2 protein chains.
Amino acid sequence: MTVKPKTRGRPKGQGLSKDRILMAATSMLKQEGKVPSIRKLAATLEVDGMAIYHYFDNKAALLEGVTISVMEEIYQPVASENWQEQLLALSHSYLTLLKDYPGLLTTLLTMSDFGPAEVFSERFEQALKPLDLSSQQLEHALSFWVDYLHGFALAQECNQSGLPLDVEMIAPSFNLFTLALGHLVDSD
Amino acid sequence: MTVKPKTRGRPKGQGLSKDRILMAATSMLKQEGKVPSIRKLAATLEVDGMAIYHYFDNKAALLEGVTISVMEEIYQPVASENWQEQLLALSHSYLTLLKDYPGLLTTLLTMSDFGPAEVFSERFEQALKPLDLSSQQLEHALSFWVDYLHGFALAQECNQSGLPLDVEMIAPSFNLFTLALGHLVDSD
DNA sequence: TAAATTTATTCTACAATGTAGAAATTGAGA
DNA sequence: TCTCAATTTCTACATTGTAGAATAAATTTA
């Protein structure tokens, strides 16, 4: 009994779907800690590599799909006077996500459609509402803090020096950042 | 007259060298805006691809070599009471370097030997001398600021959205950062 | 219902990449 | 001179992204 030859052409019944591919890709990304090759992804789905290309133009498009779906997981700050707590929770959630799905950071930053990136910025603004900053100030604070988080996430991703590099390690930076924010508010 | 067949074996006279390889790699990296393949690098040096491997164990080792040599270019802060000016100059210099040599950021962060990374931290500490921070505070300030710069550099590297993304754009973040530093000093 | 077309899939193939291992040639020390 | 080490080319392989043709089921049209 040899392996089934897997006939060519459209299969009977339900075959692949964008969703099945995205789910498999997402789970493999998390499992193996890196972006899977198209062929390995296809193997997991028990399908030929080229089948993937029926649903996605190229690998970048596939990764963008993964990114979009995964970005919905991040923490939604609640309305609260304790903006520091909310911001910290949001930051931890974002970093955890970037750690769980290595490779997405680059994809996120490369994407032409900025939808996923805006998810973070919306929630950032939501968290900082109590501070009542000007839109300029908010924008500056946002770009400072996201770039910091991305740098931290990248270090996390590249780190192979035994030392664990935990999300909790952002605490000192977070304190400095909130110090600066506090100063902005005072100087109104 | 066909192309010269390039005889096998050790050539008469001077052949390759680690330095020639590093210089070619560095210049191609700057020219083409991305890390060259071993074969293309070898072609530039008019040598077979495998010759490179006599001098470097693997591509990562080669890139580490480039990184080390290139990191020496970065700005050396002078002793000055105007620490903000010095820090800004250092930051610009670092970012320009990371922009000029795309791909080095990842290499830098991946390197087990932290020599090159320490170049920045030494100069950072030099610039902040006038502030007279505790070593804890210095460490926190450093990790905050480098991670920010790395995040910014990564965005720069990934950015393909027409918008130029200049090093001058760090100004607002820089202001927030110095605000926080100033506050640290005050609260002594 | 039969023919035509569209959709979903496999197969084959190619180019680019990193790299291993063997063969060849030169240089240097005994 | 003989041997061994250094430096190079050649060949070859695995992995990757992806293009294009062949094929078969599903769907639309006549």
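Letters go in sequence order (proteins before strands), and every chain restarts at 1. Computed from a prediction, not measured in an experiment: that's the story for all the values here.
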Next item on the list: Under 4.0 Å between any heavy atoms, over every strand shown, what does G13(A) touch: base, sugar-phosphate, or nothing? Just pick one.
Entry: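 Here G13(A) touches the backbone only, sparing every base.
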
Notebook entry, point to check: What does Y55(B) touch in the nucleic acid at a heavy-atom separation under 4.0 angstrom: a base, only the sugar-phosphate, or nothing?
Noted result: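 Here Y55(B) touches the backbone only, sparing every base.
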
Can you measure [X] atom [atom1] to [N] atom [atom2] for me and round it to whole angstrom units?
X	N	atom1	atom2	answer
K6(B)	dA23(C)	NZ	C1'	17 Å
I38(B)	dT15(D)	CD1	C1'	16 Å
I52(A)	dA19(D)	CD1	P	15 Å
M28(A)	dT16(D)	CE	C1'	14 Å
Q14(A)	dT7(C)	CD	C1'	13 Å
R39(B)	dG18(C)	CZ	P	8 Å
D57(B)	dG18(C)	CG	C1'	14 Å
K12(B)	dA24(C)	NZ	P	18 Å

Choosing from [options], which nucleotide comes nearest the side chain of [X]?
X	options	value
S37(B)	dT17(C), dT16(D), dA25(D)	dT17(C)
V47(B)	dT8(D), dT18(D), dT9(C)	dT8(D)
M50(B)	dA8(C), dT26(C), dT19(C)	dT19(C)
R10(A)	dT7(C), dT19(C), dG27(C)	dT7(C)
R8(A)	dT8(D), dT10(C), dT19(C)	dT10(C)
L16(A)	dT9(C), dT9(D), dT16(D)	dT9(C)
D48(B)	dA16(C), dC10(D), dT10(C)	dC10(D)

Notebook entry, point to check: Y94(B) and ring pair (Phe, Tyr, Trp, His ring centres under 6.0 Å): which partner among Y101(B), W145(B), F120(B)?
Noted result: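 Of all the options given, the one that passes is F120(B).
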
Margin query: The test is side chain to side chain contact (heavy atoms under 4.5 Å, CB included); show your working for E72(B) and V119(B) and say whether it passes.
Written below: CA-CA 8 Å; E72(B) 286 163 12; V119(B) 172; 5.9 Å; no

Check: L41(B) versus L62(B): any side-chain heavy-atom pair under 4.5 Å?
Finding: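 Sidechains of L62(B) and L41(B): in contact.
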
Next item on the list: Could you say whether G49(B) or P11(A) is positioned toward the 5' end of DNA chain C, judged by the nucleotide with the nearest heavy atom to each?
Entry: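 Looking at the nearest nucleotide for each, P11(A) comes out on the 5' side.
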
Next item on the list: Measure the acute angle between the ring planes of F124(B) and F177(B), then classify it against the limits of 30° and 60° as parallel, tilted or perpendicular.
Entry: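 Tilted.
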
Notebook entry, point to check: Closer than 4.0 Å, any side-chain N/O of H54(B) to the OP1 or OP2 of dT8(D)?
Noted result: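 False: H54(B) side-chain N/O out of range (4.0 Å or more) of dT8(D) OP1/OP2.
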
Next item on the list: Ignoring backbone atoms, establish whether K40(B) has a side-chain N or O less than 4.0 Å from OP1 or OP2 of dT17(C).
Entry: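 Yes.
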
Note to self: Let's go through F144(A) and F144(B) carefully: what are the C-alpha distance in whole Å and the side-chain angles of both, what is the deciding distance for ring pair (Phe, Tyr, Trp, His ring centres under 6.0 Å) to 0.1 Å, and is it a yes or a no?
What the structure shows: CA-CA 10 Å; F144(A) 189 19; F144(B) 189 19; 5.0 Å; yes

